[in-house]
2 protein chains.
Amino acid sequence: MKILVALGGNAILQHKEKGTAEEQLSNVRRACVHLVEIIKDGHQVVITHGNGPQVGDILLKDELAKDTLPPMPLDVCGAESQGMIGYMIQQSMRDELRGRGIHTQVVTILTETLVDPSDPAFSKPTKPIGPFYTAMEATQIRGEKGWHMVNDSGRGYRRAVPSPTPRSFVQGDAIRKLVELNVIVVAAGGGGIPVTLPNGSKGVEAVIDKDLGAAVLANVVDAEILLILTDVEKVFLDYGKLNQRPLDRMTVQECRKFLDEGEFPSGSMGPKIESAVRFLESGGSRALITSLEKAREAIAGRAGTTIVP
Amino acid sequence: MKILVALGGNAILQHKEKGTAEEQLSNVRRACVHLVEIIKDGHQVVITHGNGPQVGDILLKDELAKDTLPPMPLDVCGAESQGMIGYMIQQSMRDELRGRGIHTQVVTILTETLVDPSDPAFSKPTKPIGPFYTAMEATQIRGEKGWHMVNDSGRGYRRAVPSPTPRSFVQGDAIRKLVELNVIVVAAGGGGIPVTLPNGSKGVEAVIDKDLGAAVLANVVDAEILLILTDVEKVFLDYGKLNQRPLDRMTVQECRKFLDEGEFPSGSMGPKIESAVRFLESGGSRALITSLEKAREAIAGRAGTTIVP
């Protein structure tokens with residue numbers, strides 16, 4: 001089966017880590033071992049990934065170097081992160097595949113994502129990114145750069161940017177063609193670089209939710225399964241409470257109901273469930289939410305949370 | 001005709017500039033106006049580009065931020081620069097094309113370049129990269145990191161890395177396929193990220209000469225013309241001297257003779273001439289060295305320096 005795999009940015013760079021290239025490569029390598037098992041089972045995979053921690057580091061470096069070199073806008077930082085992470089994934093995948101006698105080509109496509117300039121997200125920037133500032137710095141930055149600054153969970157002030165809905169990918173045709181040629185494609189990293197409709201001629205300082213991007217990509221490549229990898233083996237109801245219950249299987253209708261009831265927070269499980277719903281409503285047959293370690297079993301129907309139309 | 005266009009990294013970020021995204025985008029846009037004229041003339045183009053100034057800035061940001069965040073190795077910085085520059089080129093090309101009613105897809109392929117670990121370049125690191133250091137700092141860095149440090153033209157000390165010969169591209173098949181599908185491909189940026197033969201499983205801290213990479217790419221995509229863009233309209237003999245003479249046309253044999261006589265310095269025109277020779281000896285029919293402004297005329301045989309087998 002054709003499977004769209006969405007790797008979390010945290011799977012590549014964990015918060016407790018320093019963020020060296022060695023750490024990230026070793027995490028990527030670990031993920032690739034599991035993905036190659038899936039390929040060995042006879043499946044075709046297309047890969048996308050988050051980029052939150054990596055773009056965070058690029059933004060922080062820009063901030064620390066700002067007296068010497070001009071900082072890059074967020075769309076350019078997103079492009080840099082796609083290069084960095086795509087490189088680590090394609091090299092590690094190739095090496096793991098070769099170790100098992102598979103010589104499929106792995107190719108990263110630098111992906112731009114079309115968003116609607118009239119998306120309501122643009123009037124309400126909600127997604128905190130980059131370094132933390134004091135209240136005084138935040139006020140100054142707001143005045144100088146016009147950035148929208150928010151207090152991020154009491155940890156300090158950060159820039160907040162819009163998170164518009166991904167509509168399609170500018171490079172969608174090329175991605176589809178390569179997948180048809182049996183190339184393992186890495187695409188839409190970090191949800192892709194947002195560019196505005198109608199013609200995608202301008203990058204915008206916004207972030208795309210990588211899980212929503214994954215749903216669009218799954219439809220572009222006509223995947224049968226959308227596999228969203230996260231830290232937990234299953235989706236839970238009442239997560240973190242004494243009465244938390246794991247979910248083996250949900251329908252789109254149940255997902256909608258639980259989303260309406262606020263079961264899944266917007267910062268974590270919410271976008272994953274929305275992504276599954278979006279994929280299934282556009283013709284997908286099965287969405288899976290599980291951990292890297294349980295991915296193979298989940299595909300076989302023996303682990304994770306399965307969501308069906 | 002199918003033309004491989006090699007854009008200089010300096011064409012995107014000039015030394016006198018600060019390096020803002022706006023400057024770079026505006027330079028890229030100016031280049032794309034010329035490239036689209038060539039496409040309007042009925043030619044197919046494949047694009048590669050340098051990345052010297054951009055990787056320099058990424059390395060300098062890493063250095064300035066090193067007390068807070070771990071610097072990335074050179075191969076990862078190269079991957080970042082491919083993302084950054086590829087994004088600017090694909091967006092600008094697309095927009096310029098659309099303005100003229102052409103809707104060809106423009107796609108950047110993150111490219112790894114196979115090099116031979118026994119390449120003699122590895123025992124003789126010659127290419128200075130990144131920030132400048134004092135003699136004392138250079139000694140300390142040499143001890144701490146084992147870097148090869150050189151005095152760069154009396155301007156200070158810099159790290160020197162090997163510049164091995166590019167053999168082929170790991171993503172070559174995918175690049176060729178997309179070109180066959182009439183996609184405008186941006187590939188092998190900065191010569192590509194060097195990875196070692198036999199299986200390309202490890203990135204190396206080295207730089208590939210982007211012009212030599214361009215010659216390999218021209219053969220990969222079966223280009224008829226290799227168009228190397230630089231700051232001057234023609235190649236000169238005795239360049240910079242009172243008796244300097246422009247060259248309209250050279251054969252491979254003449255190129256070899258002039259190279260042997262030391263006419264073309266290794267830091268500037270040398271690799272361009274070598275690249276032309278390599279392309280023509282591998283089956284190419286015509287190499288052109290000229291400026292962006294004269295590119296169209298050069299293709300028509302009315303400007304630049306033409307090199308033939």
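All chains are named by letter (A, B, ...) in the order of the sequence lines, taking the proteins before the strands, and each is independently numbered beginning at 1.
For residues 178-190 of chain A, a heavy-atom distance under 4.5 Å to chain B picks out A:Leu178, A:Leu181, given by residue number. Using non-hydrogen atoms only and a strict 4.5 Å limit, the part of residues 107-116 of chain B facing chain A consists of B:Val107, B:Thr108, B:Ile109, B:Leu110, B:Glu112.
Contacts of A:Lys61 with chain B are made by both backbone and side-chain atoms, with heavy-atom separations under 4.5 Å. For chain B, no part of A:Lys66 is nearby; none of its heavy atoms comes within less than 4.5 Å. For A:Asp75, the parts sitting under 4.5 Å from any heavy atom of chain B are the backbone and the side chain alike.
Put simply, of A:Leu25, A:Thr68, A:Val170, A:Ile175, the one with the most heavy-atom pairs under 4.5 Å next to chain B is A:Val170. Heavy-atom pairs under 4.5 Å with chain B were tallied for A:Met84, A:Arg94, A:Gln82; the largest tally goes to A:Arg94.
The local environment of NZ in A:Lys18 is sparse, with at most 12 non-hydrogen atoms from other residues, nucleotides or ligands closer than 6.0 Å.
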Steps toward side-chain contact (heavy atoms from CB on, under 4.5 Å) verdict (A:Gln171, B:Gln105): CA-CA 7 Å; A:Gln171 288 76 24; B:Gln105 199 154 161; 3.9 Å; yes
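At a threshold of 4.5 Å between non-hydrogen side-chain atoms, the residues B:Asp57 and A:Leu69 count as touching. Under the 4.5 Å side-chain criterion, counting only non-hydrogen atoms from C-beta, B:Met72 is in contact with A:Gln24.
Of all heavy-atom pairs spanning B:Tyr87 and A:Gly203, the tightest one is OH-CA, 3.2 Å. Among all heavy-atom pairs drawn from A:Pro73 and B:Ala21, the shortest one is CD-CB, 3.3 Å.
Between B:Gln91 atom CD and A:Ser201 atom OG the span is 7.0 Å, to the nearest 0.5 Å.
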